[in-house]
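Report on one structure; see the data block that follows.
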Amino acid sequence: MKDVMITIVNSMLVDKNEKPDVTEIITEGKLEMVEDGCILSYDLDPENGEHDPGNHTEIILDGNSFNFIRTGLYGADFLVEPGVRNQTLYRMPFGNMTVGVHGRELRSDISEDKGSIMAKYQIDFNAALVADYQMDISYREI
């Protein structure tokens, strides 16, 4: 396992006539290379504005699938596979909800020193489109 600096830029587009809502996270984490991809993991620091002190996130790239797993108060476990709609569970303090995740595109360029992953997907509630997302992840060895 290697120490890496991870940058995640997540864009959410609700209305095609509006600008996307963009969030960015830069954090230290770990990289483990596996047979068909990699596993990135990190914990966000509650002293730096994170409101969920028990969180842990794993990003698993396995061939042509991308799995984002977050534990803690605001948990999620969603799988992105291009051309496939999966159901996933979002956990929040007020309860859980099931949403659909429809994979649109997945690209990656990874090595032990640096890499990038791009996942495009749509989220729906009760089969009604909520938003288009694009998650751009990059990492580099530190």
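None of these values were measured; they are calculated from a predicted model.
- The shortest distance between side-chain heavy atoms of I8 and D136 does not fall below 4.5 Å.
- The pair K30-D3 meets the salt-bridge criterion, with a side-chain N (NZ, NE, NH1 or NH2) lying under 4.0 Å from an Asp/Glu carboxylate O.
- To the nearest 0.5 Å, the span separating CD on E141 from OG on S111 amounts to 9.0 Å.
- Residues L79 and S65 meet the side-chain proximity criterion, which asks for heavy atoms closer than 4.5 Å.
- Between V14 and V130 the shortest side-chain heavy-atom distance does not fall below 4.5 Å.
- Y121 has its side chain within reach of M135: a pair of non-hydrogen atoms, C-beta onward, lies under 4.5 Å apart.
- A 6.0 Å sphere centred on NZ of K2 holds more than 12 heavy atoms belonging to other residues, nucleotides or ligands.
- Within a 6.0 Å sphere centred on CG of D15, other residues, nucleotides and ligands contribute more than 12 heavy atoms.
- Contact of the L31 side chain with the C38 side chain is registered, since non-hydrogen atoms from C-beta on lie closer than 4.5 Å.
- Taking OG of S138 as the reference point, atom CD1 of I110 lies at 13.5 Å (rounded to 0.5 Å).
- Side-chain atoms of E81 and N86 form a donor-acceptor pair, as typed in the model, at a separation below 3.5 Å.
- By the criterion of side-chain heavy atoms lying less than 4.5 angstrom apart, applied directly or through intervening Ile, Leu, Val, Met, Phe, Trp or Tyr residues, L129 is not grouped with Y133; the two fall into different hydrophobic clusters.
- T7 places none of its side-chain heavy atoms less than 4.5 Å from the side chain of Y139.
- By the 30° and 60° cut-offs, the orientation of the rings of F78 relative to Y90 is parallel.
- Remark: side-chain polar atoms of R91 are paired, donor with acceptor, to backbone N or O of R70 under 3.5 angstrom.
- To the nearest 0.5 Å, atoms CG (D62) and CG (N67) are separated by 9.0 Å.
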| task | Kindly determine whether I69 and I60 satisfy side chain to side chain contact (heavy atoms under 4.5 Å, CB included), including the steps that lead there. | result | CA-CA 8 Å; I69 303 167; I60 303 167; 3.9 Å; yes
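- Atom CZ of R107 has 12 or fewer neighbouring heavy atoms from other residues, nucleotides or ligands inside a 6.0 Å radius.
- Residues M92 and V101 share a hydrophobic cluster, clusters being chains of Ile/Leu/Val/Met/Phe/Trp/Tyr side chains in contact below 4.5 Å.
- For P93 against L73, the heavy-atom pair with the smallest separation is CG-CG, 3.7 Å.
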| field | D132 vs K120, salt bridge (charged side-chain N to carboxylate O under 4.0 Å, His left out): CA-CA, chis, key distance, verdict | value | CA-CA 8 Å; D132 290 302; K120 288 184 179 180; over 6 Å; no
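- The distance from the CE atom of M1 to the OG atom of S41 is 5.5 Å, given to the nearest 0.5 Å.
- With rounding to the nearest 0.5 Å, the separation of CG in L106 from CD1 in I117 is 7.5 Å.
- Atoms CE and CG, on M12 and D21 in that order, are 4.5 Å from each other to the nearest 0.5 Å.
- Between I6 and I137, the closest side-chain pair of non-hydrogen atoms falls below 4.5 Å.
- Heavy-atom neighbours of E28 CD from other residues, nucleotides or ligands within 6.0 Å: at or below the threshold of 12.
- The shortest distance between side-chain heavy atoms of V9 and V22 falls below 4.5 Å.
- Residues meeting the ring pair (Phe, Tyr, Trp, His ring centres under 6.0 Å) test with F66, sequence neighbours left out: none.
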| Pair R104-V80, side chain to side chain contact (heavy atoms under 4.5 Å, CB included): steps then yes or no | CA-CA 8 Å; R104 294 300 200 186; V80 176; over 6 Å; no
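- I25 and I59 fall within a single hydrophobic cluster, where Ile, Leu, Val, Met, Phe, Trp and Tyr side chains are chained together by heavy-atom contacts under 4.5 Å.
- When every heavy atom of M5 is checked against every heavy atom of I26, the shortest pair comes out as SD-CG2, 3.8 Å.
- I123 and F68 fall within a single hydrophobic cluster, where Ile, Leu, Val, Met, Phe, Trp and Tyr are joined by side-chain heavy atoms under 4.5 Å apart, directly or via other members.
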